[in-house]
Amino acid sequence: MEHDKEPGQSGKDRLARIKETAELASTFFKWAMLLPGGICLLAYSIEIGHFPEGMGLGEGLAFYMVCASLWIIYTIYVFMAGAMGAVAFAPLAKLAQHRHKLKADGERTSTRRLTFHTDFSSMHDASLLGPATIGYLFLFAYFPKDWQMALQFLAMVLAQGAVLAILLRFNARIRLLATPLVLGGSVGVQDSTSRSNLVAIRAVLVVMLFAIPVLFGPAKLGLVDAAFQAAQLRKQNATVHVRKPWADRVARSSLKPAPSFLGDEYAEFRGVNVLLRSVGTKVVLELPGVGKERTVNLPIPTEAIHIE
């Protein structure tokens, strides 16, 4: 009888494990989405000098859109930087490996060491040449405008290439240690421990590939701005209709008021940079200064403004 119950019991246990795994995956995905989005919102709020007021549950979709936009844009940014770094660093990695091989061949004691070859051909694969070429063209086009930022970006790209080359080197070493033929038919305790350490270091290198651009890359807030534009929470050169008395405050800037189709209580303004909308109870406009005056960010209640 106990034998008959075991299949059903094991099926329930398996279903429970699947449910727990799904819940853990859902929680991880939620925090993986929300945490970068929260950091993004905080960084953007510091930049414009205004934190969204009165955020409700109905604005959760807009917040998720910011999170998703940030992930997509940052993934493209990391891939572009990685492609540029891989193409630029591939010749240096091959040269370093060739010199190391010549040095090892010249040492008699090196015959007792575990030597291996790393294939760096993936660093100049055809799939990377296109994005890398576009990235370098953009870099050289931007170089005359701000050479310091361009040099910082180039240094970040080379760091990405170096990490990628080291990662390929570690992968080759791990594969070699896992080959029984090379190790005489069995894996010793020391070799197994060494392989575990290499796997842990490889994981750190993968994290570094994603962390280097945001830690050392220039124009970090540019990614945040792009995420808000992609989520339609920020809009450049928009046409807005502002109700009085807020319209009088906007008219003090270099923006010119015009009659609005919403009536005499409103004034139309064109070419306005909307820094924040659809989140909170206020819309933030960037007002250009008159003459040598600096730009001013003006929060306006959402019920007093209409954005086309």
Side-chain angles (χ1 to χ4, degrees), residues 34-74 77 142 145-146 148-149 214 217-308:
L34 293 180
L35 184 59
I39 296 174
C40 179
L41 180 61
L42 180 60
Y44 189 74
S45 300
I46 294 174
E47 180 190 3
I48 67 176
H50 175 81
F51 191 84
E53 302 174 9
M55 290 183 62
L57 295 176
E59 291 152 337
L61 178 61
F63 188 63
Y64 271 106
M65 289 177 62
V66 173
C67 300
S69 300
L70 179 65
W71 272 113
I72 294 172
I73 292 170
Y74 187 69
Y77 179 67
Y142 194 81
K145 300 178 182 178
D146 192 340
Q148 291 182 341
M149 183 175 291
V214 73
K220 302 178 184 65
L221 289 177
L223 298 175
V224 178
D225 294 346
F228 270 77
Q229 289 193 44
Q232 294 296 307
L233 300 185
R234 174 182 176 133
K235 191 173 183 179
Q236 302 291 110
N237 297 318
T239 298
V240 301
H241 301 264
V242 184
R243 192 173 64 189
K244 297 178 181 178
W246 298 100
D248 298 332
R249 175 64 184 88
V250 178
R252 296 177 193 171
S253 66
S254 59
L255 296 173
K256 303 300 181 183
S260 172
F261 68 85
L262 294 177
D264 296 336
E265 292 185 358
Y266 287 81
E268 180 186 273
F269 299 91
R270 295 179 180 271
V272 183
N273 293 334
V274 181
L275 301 183
L276 184 65
R277 66 171 186 169
S278 303
V279 177
T281 58
K282 293 185 178 180
V283 176
V284 182
L285 303 183
E286 182 183 56
L287 304 182
V290 179
K292 295 183 179 181
E293 293 182 3
R294 300 174 58 184
T295 59
V296 177
N297 297 339
L298 177 65
I300 298 177
T302 53
E303 64 273 10
I305 185 172
H306 172 75
I307 304 172
E308 292 187 11

For this session: Any chance you could measure L285, atom CG, to K235, atom NZ, to the nearest 0.5 Å?
Result: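 Reported value, rounded in 0.5 Å steps: 12.5 Å.
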
For this session: Calculate, to the nearest 0.5 Å, the distance between atoms CZ and CD1 belonging to R243 and I305 respectively.
Result: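 One finds 11.0 Å between CZ of R243 and CD1 of I305.
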
Problem set entry | Test item: I300 and V250 side chains (from C-beta on) under 4.5 Å apart, heavy atoms |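 The answer is yes, as the side chains (C-beta and beyond) meet within the 4.5 Å cut-off.
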
For this session: List the atom of P288, the atom of T295, and the distance in Å for their closest heavy-atom pair.
Result: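 Scanning both residues, the minimum pair turns out to be CA-CG2, 4.0 Å.
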
Problem set entry | Set of residues satisfying ring pair (Phe, Tyr, Trp, His ring centres under 6.0 Å) with respect to H306, sequence neighbours excluded |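 Result, ring pair (Phe, Tyr, Trp, His ring centres under 6.0 Å) vs H306: H241.
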
Exercise. Can you name the residues that form a side-chain hydrogen bond (donor to acceptor under 3.5 Å, both in side chains) with R249, not counting sequence neighbours?
Worked result: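 Residues passing side-chain hydrogen bond (donor to acceptor under 3.5 Å, both in side chains) with R249: none at all.
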
Under 3.5 Å donor-acceptor pairs involving side-chain atoms of residues 266-276, not counting sequence neighbours:
unit_1, atom_1, unit_2, atom_2, d
E268, OE2, R270, NE, 3.2
E268, OE2, R270, NH2, 3.3
N273, OD1, Q236, NE2, 3.4
N273, OD1, N237, N, 3.3
N273, ND2, E286, OE1, 2.9

